[in-house]
Every structure is written in C-alpha cells, then in structure tokens.
Amino acid sequence: MNQDRTQDWIQNPFVEDVTSSFGPSDKLTENLIELASDRALELKFQNVTVSQFWLEVKGEYKELSEIAMSALLPFGSTYLCEVSFSAMSLIKTKHRNRLSVQNDLIIAVSDIEPRFDNILAKKQPQVSH
C-alpha cells in the first residue's frame, strides 16, 4: 500500500522531518518549522485532540490551520445530510404522513433548544363551555 506521507504533519506537526511537506523555501515550510520548534505548542498538542489543536493555533498559523482543518474535516456536510435523512425517516412514518415536514425537520436537526415557556405564553388556553 503506497501511502501519501506529505500530509503527516497534520496528524503530528512535531515529527522529525517536517521540511519535506512543502517546497524547500516555502512560507508554509517556515511556519511549520517555527510551529514544530515551539515547546509550549508541543505540550498543548499532547493534551488536546488534533482538530482542537489546529483550531487553537489558527490565530498564529492561519494558513497551516486552514490546510489542516480542510484535510481533517473534508465531509462536514455529509454528516448533516445523514442526520437530516435519519430525522426525516423518523418523522415520516405510516402513522404520521404529512406532505410538508420542513418545520419538524428543522426542529429535529437544530442544536437550538426551543423556548417552550415563550411559545406556550403566546398560546391562548382553550376555555371550557
């Protein structure tokens, strides 16, 4: 199996030979060498996940972080698509067959919790006759 090793620096930027990742006099190579020689960042790298590390160094090493994050998270939208499809299959059942599931699907997929107290305060309770 012939594995491409040019992006090994993404998984661990503190490996022995990081200079072969980019061109010999590339600005990115200089940034990567600078990052690899920073002992404080190496300690931080050992205590967080790889993606969390690249998010935390984005301020200092923006270009390297963006390259790393695009390699680590290439299919972010696929996850949302799968979650949406699963939610829709739960919403549209034989007993609950509505033509429009848009509002229900938004609520099912959203990370925002509804404020039920505000929603219920706007509704008028049914009065008995």
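The structure displayed is predicted, hence computed values, not measured ones.
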Atom of Pro13, atom of Leu35 and distance for their closest heavy-atom approach: CB-CD2, 3.4 Å
Should we count CD of Glu113 as having more than 12 external heavy atoms under 6.0 Å? no
Ignoring hydrogens and angles, write down the donor-acceptor pairs under 3.5 Å from the side chains of residues 57-67, residues two or more places apart or on other chains.
from, atom 1, to, atom 2, distance (Å)
Tyr61, OH, Glu34, OE2, 3.3
Ser65, OG, Trp54, O, 2.6

Measure the spacing between OG1 of Thr29 and CH2 of Trp9 and express it to the nearest 0.5 Å. 10.0 Å
If you round to the nearest 0.5 Å, how far is CD1 of Ile33 from CG of Asp38? 14.0 Å
Just wondering, are more than 12 heavy atoms of other shown residues or ligands nearer than 6.0 Å to CD1 in Ile112? no
What is the distance from atom CG of Leu41 to atom CD of Gln46, rounded to the nearest 0.5 Å? 11.5 Å
When every non-hydrogen atom of Leu105 is compared with those of Ser84, the smallest separation belongs to CD1-O, 3.5 Å
Measure the spacing between NZ of Lys44 and CZ of Arg39 and express it to the nearest 0.5 Å. 14.0 Å
Does some side-chain heavy atom of Met69 sit less than 4.5 Å from a side-chain heavy atom of Ile10? no
Hphob cluster co-occupancy, Phe85 + Ile106, side-chain heavy atoms under 4.5 angstrom: no
If I take atom NZ from residue Lys122 and atom CG from residue Asp117, how far apart are they, to the nearest 0.5 angstrom? 10.5 Å
Considering all heavy atoms, the nearest Phe45-Asn12 contact: CE2-OD1, 3.5 Å
Identify whether Met88 and Val109 are in the same connected component of the hydrophobic contact network (ILVMFWY, side-chain heavy atoms under 4.5 Å). yes
Taking all heavy atoms of Val50 and all of Gln11, pick out the closest pair and write down the distance. CG2-O, 3.8 Å
